[in-house]
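What follows is a single structure, written as structure tokens, with notes after it.
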Amino acid sequence: MRISIERKPLEPITAGAVVAPVFEGRRDPRFGAGELFDAGEIAGKPLEMTLLHHVPGVASPRVLLVGAGKPEKFDPAEMRKLAGAAVRRLKSIGVKEIALELGAEYASGDYAGAAVEGAILGDFEPDRYKTNDDKKSVDSFALACAAGADLEAAVERARIVAEAQNYVRSLVNEPANRLTPSNVADAARSLAAEYSLECEVLDRARMEELKMGALLGVAQGSAEPPVLIVLRYRPPEAASSAHLGLVGKGVTFDSGGISIKPSDGMEKMKYDMAGGAAMLGAMRAIGQIRPAVAVTAFIPCVENMPGGRAQRPGDIVAAMSGKTIEVINTDAEGRLILADALVYARQQGCTHLVDAATLTGAIVVALGHLNVGLFANDDAMRDRVLGAARATGERMWPMPLEEDYKEYFKSAFADMANVGGRWGGAITAAMFLKEFAEETPWVHLDIAGTAWLDDAKPYLAKGPTGIPLRTLVRLAEEWKD
Ligand code: BES
Ligand code: ZN
Ligand code: ZN
């Protein structure tokens with residue numbers, strides 16, 4: 001999608017459609033719409049759509065009025081949705097060129113960036129494998145902004161971020177037969193070549209040398225070899241001594257292993273690499289934006305399968321740190337592969353860590369599909385991530401992490417068990433990870449409820465969401481010691 005800024009009002013622009021936000025309680029007489037307000041046909045409610053044709057004085061054949069809600073509630077997150085909903089509505093009727101009005105009040109980088117993100121994210125369809133559909137997409141999106149502010153940098157940044165987010169969504173949507181751990185490693189290598197990053201892929205032999213017993217135990221049931229992907233970004237001149245580590249769960253398919261999952265809905269478990277994909281996408285954007293802090297992504301990638309060589313409940317494995325784990329349930333595999341990746345990230349010099357993982361069904365019970373569950377061993381680190389999340393419109397909710405929960409996953413035969421029983425499942429999983437993050441300031445993001453949209457929204461297609469890419473990129477950009 002081509003993105004541009006037009007320094008003019010909507011009327012003279014020639015596009016397939018021009019889009020004007022209209023607000024609740026603000027009668028807008030333009031485009032002959034005053035009567036529609038008076039008749040109550042337009043109220044300006046969020047995402048309400050009114051399509052007008054051949055409006056006198058407007059060069060484009062269509063004007064789409066989109067409800068923006070109450071002006072005092074309108075923020076960049078609402079703008080993102082509005083632009084996405086407008087794009088989705090218009091492309092569904094075959095419109096290819098769109099211009100959206102950015103009124104004088106909203107002529108700032110925050111709103112312009114959010115509108116561009118919304119448009120690019122709204123245009124995405126997970127239709128790669130549809131052969132007969134007439135696939136609809138928008139060719140160009142312009143921001144019409146007659147007011148003065150310099151928006152170029154914000155728009156370019158937004159394009160980079162949203163395209164990276166769509167890249168994450170397309171990776172997550174790849175089925176497990178078409179995206180194995182080795183294929184994810186190939187994707188990381190091409191990213192590195194294209195965006196000036198350094199890529200290293202640790203294979204099974206190297207992981208054996210490093211004694212990554214927890215990760216290797218999960219991988220042993222699959223015919224697909226595991227990889228630990230390392231992607232490095234180094235700033236031209238590091239303004240900071242910090243080194244941010246991004247660790248993402250990369251289970252290309254989670255059958256549950258010997259503790260096999262019920263078949264109903266199992267197809268969705270191709271998304272169990274959404275945390276890893278978000279880290280790849282974040283590095284893609286970071287490679288282009290080039291912030292001042294060093295960032296390294298670590299993506300442990302495996303397929304969790306049952307089979308003659310699979311690990312069994314009761315097996316005891318030793319993680320790279322030396323701690324031993326009794327594998328009570330082979331379906332609690334994410335924490336096992338992350339344990340070794342966290343230890344490795346610390347050994348590689350990371351001073352701060354963020355991990356993202358589709359880790360537990362329990363976080364979906366706790367927070368539904370609206371908020372990422374956020375766990376932290378350090379208040380300052382928690383606040384940094386929460387701040388970045390808020391600024392980018394990704395919702396996250398802080399969850400407790402207290403030593404007492406360790407009781408839940410004690411083992412009679414090893415240092416710990418890999419599950420903590422029925423209650424507080426998202427918390428015990430996070431507590432388990434903390435055993436491996438140790439004292440390094442660390443945030444864990446459980447994205448099991450938010451990485452996949454079960455039903456399309458007016459502004460977003462069904463399927464992968466690409467969360468928490470925007471937060472991660474913002475965190476790196478805004479890093480200050
Ligand atoms: N990938 C799943 C988490 C998951 C489960 C995401 C359901 C979305 C829906 C994870 O590996 C897993 O299976 N977790 C188990 C842990 C349990 C065995 C302690 C879970 O949440 O059921
Ligand atoms: Zn599992
Ligand atoms: Zn899993």
Side-chain angles (χ1 to χ4, degrees), residues 172 176 179 181 184 214-215 217-222 224 226 247-278 299-307 310-315 325-341 355-373 375 399 405-406 408-411 416-433 444-454 463-465 467-468:
V172 173
L179 191 75
V184 182
L215 194 164
V218 176
Q220 76 191 33
S222 171
E224 293 296 336
V247 183
K249 173 177 174 180
V251 177
T252 56
F253 189 73
D254 183 10
S255 69
I258 295 297
S259 315
I260 198 162
K261 289 180 181 295
S263 55
D264 214 30
M266 205 204 267
E267 71 280 359
K268 186 172 155 185
M269 283 300 138
K270 68 177 180 179
Y271 97 133
D272 214 19
M273 35 63 78
I299 303 153
C301 241
V302 302
E303 193 183 52
N304 187 24
M305 296 292 269
Q311 77 179 341
R312 297 137 290 241
D315 282 5
I325 306 161
E326 185 184 9
V327 180
I328 300 289
N329 189 319
T330 64
D331 196 11
E333 84 297 341
R335 63 198 76 181
L336 294 170
I337 67 170
L338 289 170
D340 279 333
D355 80 68
T358 47
L359 202 64
T360 66
I363 201 66
V364 195
V365 175
L367 298 176
H369 298 289
L370 296 180
N371 274 282
V372 172
F375 302 81
M399 299 283 291
Y405 286 104
K406 273 165 65 176
Y408 287 42
F409 55 92
K410 59 181 197 244
S411 159
M416 65 192 96
N418 78 327
V419 296
R422 193 168 151 75
W423 311 115
I427 306 172
T428 52
M431 242 357 252
F432 181 95
L433 296 180
H444 158 58
L445 302 174
D446 194 333
I447 58 170
T450 44
W452 188 272
L453 205 55
D454 287 322
T465 62
I467 210 165

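Whatever order the structure lists them in is the order used to number ligands and atoms, beginning at 1.
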### Message
Could you tell me if the side chain of P313 sits less than 4.5 Å from the side chain of I258, heavy atoms only?
### Response
yes
### Task
Work out which heavy atom in T428 is nearest to a heavy atom in F409; give both atom names and the distance.
O-CE2, 3.6 Å
### Query
Is any side-chain heavy atom of N371 less than 4.5 Å from a side-chain heavy atom of T450?
no
### Message
Does this structure show an ion pair linking K249 with D355, if we count only N-O contacts that are shorter than 4.0 Å?
### Response
no
### Message
So V327 and T330, do their side chains get closer than 4.5 Å, heavy atoms only?
### Response
yes
### Message
Main chain of I325, side chain of N418: is a donor-acceptor contact present, judged purely on distance under 3.5 Å?
### Response
no
### Message
If only side-chain N and O atoms count, and only distance matters, is there a donor-acceptor pair under 3.5 Å linking T360 with D446?
### Response
yes
### Query
So which protein N/O/S atoms does the Zn ion (ligand 2) have within less than 2.8 Å?
D254 OD2, D331 O, D331 OD1, E333 OE1
List below, pair by pair, the N or O atoms of ligand 1 and of the protein that are less than 3.5 Å apart, including the distance to 0.1 Å; reply 'none' if no pair qualifies.
from	atom 1	to	atom 2	distance (Å)
ligand 1	1 (N)	K249	NZ	3.3
ligand 1	1 (N)	D254	OD2	3.1
ligand 1	1 (N)	D272	OD1	2.9
ligand 1	1 (N)	D272	OD2	3.0
ligand 1	1 (N)	T358	O	3.3
ligand 1	11 (O)	K249	NZ	3.1
ligand 1	11 (O)	D254	OD2	2.9
ligand 1	11 (O)	D331	O	3.0
ligand 1	11 (O)	E333	OE1	2.8
ligand 1	11 (O)	E333	OE2	3.0
ligand 1	13 (O)	K261	NZ	2.8
ligand 1	13 (O)	D331	O	3.0
ligand 1	13 (O)	D331	OD1	2.8
ligand 1	13 (O)	D331	OD2	3.1
ligand 1	14 (N)	L359	O	3.4
ligand 1	21 (O)	G361	N	2.7

### Message
What I'd like to find out is whether the side chain of H369 reaches to under 4.5 Å of the side chain of D454, using heavy atoms alone.
### Response
yes
### Query
Is it true that D254 and K270 have a side-chain N and a carboxylate O under 4.0 angstrom from each other?
no
